[in-house]
A.B. asks: 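Below you'll find the structure I mean.
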Amino acid sequence: EMRSLGYTDLTPDEIRELSIHGVRPDFVREMRALGYTDLTAEQLIEMAIHGVNPEFVREMHELDAELPHAAERPG
């Protein structure tokens, strides 16, 4: 299934690390739906290790939408 998502050159170590850290095809699809379309296997693994998941990304997007953008912030 990861091959069908474009991950055709995964090393055995990357496959093991993806599995250990719970990076599944659904995780990749959800991250892509949020705009993260070119993540490497290493980046996916690092995100999982540090607790960055689709829910976290959605929460950060919502928080950003609630804050004034840099150009609008008082200087």
Side-chain angles (χ1 to χ4, degrees):
E1 211 171 338
M2 292 296 279
R3 282 190 183 125
S4 71
L5 293 169
Y7 296 94
T8 57
D9 297 328
L10 294 173
T11 67
D13 285 341
E14 288 172 325
I15 293 168
R16 186 181 68 251
E17 289 293 316
L18 288 165
S19 178
I20 288 170
H21 297 293
V23 178
R24 306 283 185 265
D26 288 345
F27 179 91
V28 177
R29 283 189 210 92
E30 287 185 65
M31 294 306 290
R32 286 182 176 177
L34 291 166
Y36 298 89
T37 57
D38 290 328
L39 295 171
T40 66
E42 184 177 328
Q43 289 171 320
L44 290 167
I45 293 163
E46 289 295 320
M47 292 172 83
I49 288 170
H50 295 288
V52 177
N53 58 37
E55 181 180 343
F56 175 82
V57 172
R58 281 190 289 275
E59 289 174 8
M60 293 300 104
H61 285 199
E62 289 171 13
L63 180 62
D64 182 55
E66 294 173 7
L67 296 173
H69 293 293
E72 299 169 1
R73 293 181 187 137

A.B. asks: List for me each residue that meets side chain to side chain contact (heavy atoms under 4.5 Å, CB included) alongside T40, sequence neighbours excluded, and say none if there are none.
C.D. replies: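 Listed in chain order: E42, Q43.
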A.B. asks: Just jot down the side-chain hydrogen bond (donor to acceptor under 3.5 Å, both in side chains) partners of D26, sequence neighbours excluded, or say none.
C.D. replies: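 Only R29 meet the side-chain hydrogen bond (donor to acceptor under 3.5 Å, both in side chains) criterion with D26.
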A.B. asks: Return the CG to CE distance between L63 and M60, rounded to the nearest 0.5 Å.
C.D. replies: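 The CE atom of M60 is 5.5 Å from CG of L63, to the nearest 0.5 Å.
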A.B. asks: Might you point out which heavy atoms bring I45 and E17 nearest each other, and give the distance in Å?
C.D. replies: CD1-CB, 3.5 Å
A.B. asks: Between E14 and D9, what is the shortest heavy-atom contact and its length?
C.D. replies: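 Closest heavy-atom pair between E14 and D9: OE1-O, 3.9 Å.
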A.B. asks: Can I15 be reached from F27 by stepping across I, L, V, M, F, W or Y side chains whose heavy atoms are under 4.5 Å apart?
C.D. replies: yes
A.B. asks: NE2/H21 to CE/M47 distance, rounded to the nearest 0.5 angstrom?
C.D. replies: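 It is 14.0 Å, given to the nearest 0.5 Å.
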A.B. asks: Please walk me through it: do L39 and V28 pass side chain to side chain contact (heavy atoms under 4.5 Å, CB included)?
C.D. replies: CA-CA 8 Å; L39 295 171; V28 177; over 6 Å; no
A.B. asks: Minimum heavy-atom separation for L34 to R58, with atom names?
C.D. replies: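 Taking every non-hydrogen atom into account, CD2-CG, 3.7 Å.
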A.B. asks: Can you tell me how far the OG1 atom of T37 sits from the CZ atom of R32, to the nearest 0.5 Å?
C.D. replies: 7.5 Å
A.B. asks: Do L5 and M2 make a side-chain contact, defined as non-hydrogen atoms from C-beta onward lying under 4.5 Å apart?
C.D. replies: yes
A.B. asks: Considering only heavy atoms from C-beta outward, does the side chain of L18 approach that of Y7 to under 4.5 Å?
C.D. replies: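 When only atoms from C-beta onward are counted, Y7 and L18 do not touch, as no gap falls below 4.5 Å.
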A.B. asks: If every non-hydrogen atom of N53 is compared with every non-hydrogen atom of F56, which pair is closest and at what distance?
C.D. replies: OD1-N, 2.8 Å
A.B. asks: Residues two or more places apart in sequence or in another chain: which of them pass side-chain hydrogen bond (donor to acceptor under 3.5 Å, both in side chains) with D13?
C.D. replies: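 R16.
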A.B. asks: Can you give me the closest heavy-atom contact between V23 and A48, atom names plus distance?
C.D. replies: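 Looking at all heavy atoms of both residues, the closest pair is CG2-CB, 3.6 Å.
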